[in-house]
Amino acid sequence: MPTTVGRLIVFDAAEVRRRLDPDATRKAVRQAMIALSDGRVRQNLRSFIGLGDGRTFAIMPAALGDRAAFGAKLVSVFHDGAGRKTHEGLVVLFDGETGVPVCVADAGEVTAIRTPAASAAATEALARPDADNLAVLGLGRQAMGHIAALARVRPLKSVRVWGRDAGRARAFAERAAQEIGLPVEAVADAERAVAEAAIICTVTGATDPVLKGRWLAPGSHVNLVGSSSPAQAEADDSVVTRGRFFVDHREHVLAHGGEFLRARAQESAIAAEIGEVYAGTTLGRTSADEITVYKSLGHAVQDLAAVAWLHTQTAKATGDT
């Protein structure tokens, strides 16, 4: 059970992992992104405090609407110098009517669940309905989470994974196959991993591109997930310019989207925010052969929507509504 301090509910990592349902999270994130695009929810640009040596403290505030829940994600992002990074911190949720803090949740665990859920929602909207093979560049926890989340929205039959450490890649593939129940193959180079893939996810901590646009097959869908600052870019310029380019939030990508900024693309290169696609106000994929690309930075509204669902479900179960 979560810990309670007065009326404040505290979810540690184990409780978040046990209670935050992936399908419910995907739906909550989808609705949050619609509301972000149409202006019903508000969030500021995230602020960063550099701590040196690949270490950053980030503050991400948002409000889910007038008199609705509000709060912030407070998170440290530490890179280990080998292409891996960790997120640690807290998501703090306040009641929109009283202004009282009602919930604190482990941010690392929330991020581990809501990030794949956000990618799955985008994939559900943008990938071909028959997309059945997945390539994942990266071997961390987000890689495992993305395989599981995308298998919920597309009929995956096979997965290829790549990482710089071949031994880790083989071990990861074996574990993923056991945990998720799909054939997972570790491949020696990123280009071979991506070849003819219908869906591609980059979930690395790389500073420079590991994915090239010329590798993309017609009709593929790409989720760019791992980079979250203007100094990082997991994909080269042609990934941005070859396909129909969607973003989670235009303002943030213009400020922090490393791939977009390195491509020196015009704002007009952004086809739409993903919330506009979910709402049906903008088309997503327009043909079977079109390449679609989704740039995910991750947002406080997603974290707060997930934690608000978690808090509501727990309050109902305990009768504290």
Side-chain angles (χ1 to χ4, degrees), residues 22 25-26 29-30 33 85 111-129 131-156 158-163 176 180 182 190 193-206 209-213 215-217 219-228 232-236 238-249 252-253 256-260 263 270-275 277-278 284-285 290-299 302:
T25 302
R26 185 176 71 250
V29 166
R30 188 179 189 276
M33 299 313 288
K85 64 181 179 180
T111 300
I113 296 169
R114 69 86 165 139
T115 304
S119 295
T123 301
E124 190 173 35
L126 297 174
R128 297 194 321 264
D132 62 3
N133 58 56
L134 168 67
V136 177
L137 307 185
L139 303 173
R141 188 171 179 194
Q142 283 294 338
M144 188 72 74
H146 274 72
I147 297 170
L150 269 59
R152 292 174 175 268
V153 299
R154 284 297 182 269
L156 297 183
S158 64
V159 180
R160 292 192 296 271
V161 298
W162 170 85
I180 300 171
L182 286 170
V194 169
E196 301 304 317
I199 305 169
I200 300 148
C201 293
T202 60
V203 287
T204 74
V210 296
L211 176 66
K212 297 183 179 181
W215 300 345
L216 303 179
S220 58
H221 170 69
V222 181
N223 296 308
L224 301 176
V225 180
S227 65
S228 57
Q232 296 173 269
E234 293 184 293
D236 71 3
S238 61
V239 172
V240 175
T241 57
R242 267 195 78 186
R244 193 161 157 81
F245 189 71
F246 299 88
V247 300
D248 52 9
H249 190 226
H252 272 81
V253 168
H256 298 143
E259 293 87 1
F260 181 83
I270 297 174
E273 292 184 345
I274 196 65
V277 177
Y278 296 155
R285 174 175 293 276
E290 184 173 56
I291 294 171
T292 55
V293 181
Y294 170 61
K295 176 55 189 173
S296 170
L297 284 172
H299 295 284
Q302 297 171 336

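Not measured: the values here are computed from a predicted model. Positions are given from 1, in the same order as the sequence printed here.
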- With the side chain counted from C-beta on, respond yes when Tyr294 and Asp248 share a heavy-atom pair under 4.5 Å apart, and no when they do not. yes

- Which heavy-atom pair separates Thr111 from Pro116 by the least distance, and what is that distance? O-CD, 3.9 Å

- Query: Quick one: CD on Glu273 to NE2 on His252, what's the gap to the nearest 0.5 Å?
  - Reply: 11.0 Å

- Note on the structure: Residues Ala112 and Arg141: closest non-hydrogen pair is CB-CZ, 3.6 Å

- Query: Which atom names give the shortest non-hydrogen contact between Ala197 and Asn133, and what distance separates them?
  - Reply: CA-OD1, 3.0 Å

- Just wondering, do His221 and Thr123 contact through their side chains at under 4.5 Å, heavy atoms? yes

- Message: Is any side-chain heavy atom of Lys295 closer than 4.5 Å to one of Ser227?
- Response: yes

- Task: Hey, can you tell me if Phe260 and Phe245 have their rings parallel, tilted or perpendicular (30° and 60° cut-offs)?
- Result: parallel

- Value for CG (Leu211) from CD (Glu259), rounded to nearest 0.5 Å, stands at 9.0 Å

- Message: Quick check: do Leu297 and Val253 have side-chain heavy atoms less than 4.5 Å from each other?
- Response: yes

- Of all heavy-atom pairs linking Gly284 and Val277, the shortest is CA-CG1, 4.0 Å

- Task: Report yes or no: does Gln142 contribute a side-chain atom to a donor-acceptor pair with the main-chain N or O of Val203 at less than 3.5 Å?
- Result: no

- Task: First locate atom OG of Ser296, then atom NE2 of His249, and finally report the distance between them rounded to the nearest 0.5 Å.
- Result: 13.0 Å

- Query: Which atom names give the shortest non-hydrogen contact between Thr25 and Ala117, and what distance separates them?
  - Reply: CG2-CB, 3.7 Å

- Would you call Arg242 and Leu216 a side-chain contact if the rule is heavy atoms closer than 4.5 Å? yes

- Got Leu156 and Ile180 here, is their nearest side-chain heavy-atom distance under 4.5 Å? no

- Message: Under 4.0 Å between a side-chain nitrogen and a carboxylate oxygen: does that hold for Arg26 and Glu124?
- Response: yes

- Task: Kindly indicate whether the side chain of Ile200, heavy atoms from C-beta on, has any atom under 4.5 Å from the side chain of Trp215.
- Result: no

- Task: Decide whether His146 and Asn223 meet the rule of one side-chain donor and one side-chain acceptor closer than 3.5 Å.
- Result: no

- Item | Counterpart residues, salt bridge (charged side-chain N to carboxylate O under 4.0 Å, His left out), relative to Arg128 (two or more places apart) | Asp130

- For the student: nearest non-hydrogen atoms of Ala206 and Thr204, plus distance: N-OG1, 3.1 Å

- Does some side-chain heavy atom of Arg244 sit less than 4.5 Å from a side-chain heavy atom of Arg285? no

- Item | Separation of Thr115 OG1 from Gln302 CD (nearest 0.5 Å) | 7.0 Å

